[in-house]
Chemist: 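Would you mind keeping the following structure in view while I ask a few things?
Note that these values count all heavy atoms, side chains included, but never hydrogens, waters or copies made by symmetry. In this text, all values refer to a predicted model and were calculated from it rather than measured experimentally. By convention in this document, chain letters (A, B, ...) are assigned in the order of the sequence lines, proteins followed by strands, and residues within each chain are numbered from 1.
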Protein chains: 2
Amino acid sequence: MQDAHEYLIAHNIHPSQQRVAVMRYLLDHHIHPTADDIYTALAPQMPTLSKTTIYNTLKVFADAGAIQVITIDEEATRYDATLLPHAHFKCQKCGLVYDIDFPANIDPTARQPEIPKDFELTSVQIYYQGICAKCKRNQN
Amino acid sequence: MQDAHEYLIAHNIHPSQQRVAVMRYLLDHHIHPTADDIYTALAPQMPTLSKTTIYNTLKVFADAGAIQVITIDEEATRYDATLLPHAHFKCQKCGLVYDIDFPANIDPTARQPEIPKDFELTSVQIYYQGICAKCKRNQN
DNA sequence: CAAATATATGTAATTATTACATTTTTGTAA
DNA sequence: TTACAAAAATGTAATAATTACATATATTTG
Ligand SMILES: [Mn+2]
Ligand SMILES: [Mn+2]
Ligand SMILES: [Zn+2]
Ligand SMILES: [Zn+2]
C-alpha cells in the first residue's frame, strides 16, 4: 500500500487529481485491470472523469516507466503497477490474470543470451495460458 | 517450406481452398502477420475472399493447435505457424516482430516451478521489446 | 440423388483505441 | 493578486480490430 501521490512524484509525473486516483487504483488493485475496468471503478466518485483521460493517463505512466503494459489478453490491454520482474498467467476460462513470481534468486528475464548483441532490450514479458485451479475445480 | 495441404490434414483440419491459402501464407512468411496482412496478401489472387473468412480460419487453426497466437503487439493479434518453442522480439521503432531462438539444449518455457501445481498450463509466450539493430543504425 | 453437415461470405454491430480541437486547471512571475 | 503560459483534462468524432449472425455455397454421407 504505497502512497500514490508520492509514487507519481518519484517518477517525475505531475500528481493531478485524476492521475493520483488512477495510480492509487493500480497500487491497491493488483488485478491487471483494463482501461475500462479503471474507468468503471473510478467514474462514480469522479463524475467528470472521461475515458480518454484514463487512456492519456495510462500512456503518461507507461512512458515514464511507472507501470507495466500487459498484452497477454487479446481483448484489451492491461496495466500493472508492480515493476518488479514477474510473469503472468491468464486463465482461459475465467479470464483472470494471475501474478506468477519467479523462484528465489532466479530471474528468467535476466538471461537473454539468445538476443543478438546489437539489439537494445527494454522489456521482457513472460505469459502463461491455461486453466486456473478454481476453474478446474468447477469444471466437472 | 512444408506443404500446407498436408499440414492441415495432419492437424485434422479440412483443407478447403481458403484454408490452404492462409496456411501456405503462414508457412512461407515467417513475419508474424496480422489478419489484415494475410487478407491484403491473398485478396488479389482470391477475389471472393472475405476478411471474416480470414478471422474464422485463423480461429480454426488456433483451436486445433496448428498455429500460435502472438499478442506482443497492442495494435493487432499476430499469427505464427512455427510451433517449436521460441521467443519474440518486437522493435518499438519499425514494429517488426523477430524470432528469438532459445540457446541450444535450454528451453526456458520448460521450467515453470513458479506456477501453482493445480494450474493447468497450455502455452507459454516470452516477449521482448526494444530497438532492433537496423533501427539503431539508422537512428543517428 | 437428397439430406445433413461443414465452409465461406457479407453486413452490420461492437469495442478498444486514437486524433484533435476545446476547455479547465495549475504554476509562476510581475 | 493578477495575468499569462504551460500542463492537464475533456468531449466528440474517427479509426480499426474483432465478432455476431444470418445467408449462401460446397462437401460429405446415407
Ligand atoms: Mn502482475
Ligand atoms: Mn515466431
Ligand atoms: Zn479461471
Ligand atoms: Zn526496428
Chemist: Figure out the OH/C1' separation between A:Y39 and C:dA16, and round it to whole Å.
Modeler: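 Computing the A:Y39:OH to C:dA16:C1' distance gives 15 Å.
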Chemist: Please check: side-chain N/O of A:T34 versus main-chain N/O of A:T77, any donor-acceptor pairing under 3.5 Å?
Modeler: no
Chemist: Between atom CD1 in A:I54 and atom C1' in C:dT17, what is the gap in whole Å?
Modeler: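 From A:I54 CD1 to C:dT17 C1': 14 Å.
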Chemist: Using a cut-off of 4.0 Å on non-hydrogen atoms, how would the nucleic acid contact of B:N56 be classed: base, sugar-phosphate, or nothing?
Modeler: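 B:N56: base contact, heavy atoms under 4.0 Å.
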Chemist: Report the nucleotide, chosen from C:dG10, C:dT17, D:dT12, that has the shortest atom-to-atom distance to any side-chain atom of A:A35.
Modeler: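 Nearest listed nucleotide: C:dT17.
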Chemist: According to a strict under-4.0 Å criterion, is A:H14 in side-chain N/O contact with OP1 or OP2 of C:dG27?
Modeler: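 A:H14 to C:dG27 OP1/OP2: side-chain N or O found under 4.0 Å.
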Chemist: Between A:E74 and A:I13, who's closer to the 5' end of DNA chain D by nearest nucleotide?
Modeler: A:I13
Chemist: Does OP1 or OP2 of C:dT7 have a side-chain N or O of B:T57 closer than 4.0 Å?
Modeler: no
Chemist: OP1 or OP2 of C:dT9 versus the side-chain N and O atoms of B:T48: is any pair under 4.0 Å?
Modeler: yes
Chemist: Could you check A:L8, A:I9, A:D3 and say which one makes a side-chain contact (heavy atoms from CB on, under 4.5 Å) with A:E6?
Modeler: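 That would be A:D3; it is the only one of A:L8, A:I9, A:D3 passing the side-chain contact (heavy atoms from CB on, under 4.5 Å) with A:E6.
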Chemist: Nearest of D:dA8, C:dC20, C:dG10 to any side-chain atom of A:R19?
Modeler: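 Per side-chain heavy atoms of A:R19, the pick is D:dA8.
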Chemist: Can you list the steps and then say if A:D37 with A:H29 is a side chain to side chain donor-acceptor pair (under 3.5 Å)?
Modeler: CA-CA 11 Å; A:D37 290 337; A:H29 302 84; over 6 Å; no
Chemist: Is there a donor and acceptor pair closer than 3.5 Å between the side chain of B:T53 and the base of C:dT7?
Modeler: no
Chemist: A:I38 has an atom CD1; how far is it from atom C1' of C:dA16, in whole Å?
Modeler: 14 Å
Chemist: Is there a side-chain polar atom (N or O) of B:Q18 under 4.0 Å from OP1 or OP2 of D:dA26?
Modeler: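 For D:dA26, OP1/OP2 do not have a side-chain N/O of B:Q18 under 4.0 Å.
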Chemist: Can a salt bridge be assigned to the pair A:K51 and A:D36 using a cut-off of 4.0 Å between side-chain N and carboxylate O?
Modeler: yes
Chemist: Please give, in whole Å, the distance from D:dA8 C1' to A:Q17 CD?
Modeler: 12 Å
Chemist: Distance check needed: D:dT19 C1' versus B:K51 NZ, whole Å only.
Modeler: 13 Å
Chemist: Rounded off to whole Å, could you give me the CE-to-P distance for the B:M46 and D:dT25 pair?
Modeler: 17 Å
Chemist: D:dT19, OP1 or OP2 - any side-chain N/O from B:Y55 closer than 4.0 Å?
Modeler: no
Chemist: Of all the nucleotides listed (D:dT12, C:dA16, D:dA17), which has the minimum atom distance to the side chain of B:A76?
Modeler: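 Selected nucleotide: D:dA17.
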Chemist: Between B:K90 and B:D73, is the closest basic N to carboxylate O distance under 4.0 Å?
Modeler: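 A salt bridge links B:D73 with B:K90.
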Chemist: Is the phosphate of D:dT18, meaning OP1 or OP2, less than 4.0 Å from a side-chain N or O of B:T77?
Modeler: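 For B:T77, the contact criterion (side-chain N or O under 4.0 Å from OP1 or OP2 of D:dT18) is met.
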Chemist: Atom CG of B:D63 and atom C1' of C:dA6: how far apart are they, to the nearest Å?
Modeler: 15 Å
Chemist: In this structure, how many angstroms lie between the P atom of C:dT14 and the CG atom of A:D36, rounded?
Modeler: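 From A:D36 CG to C:dT14 P: 15 Å.
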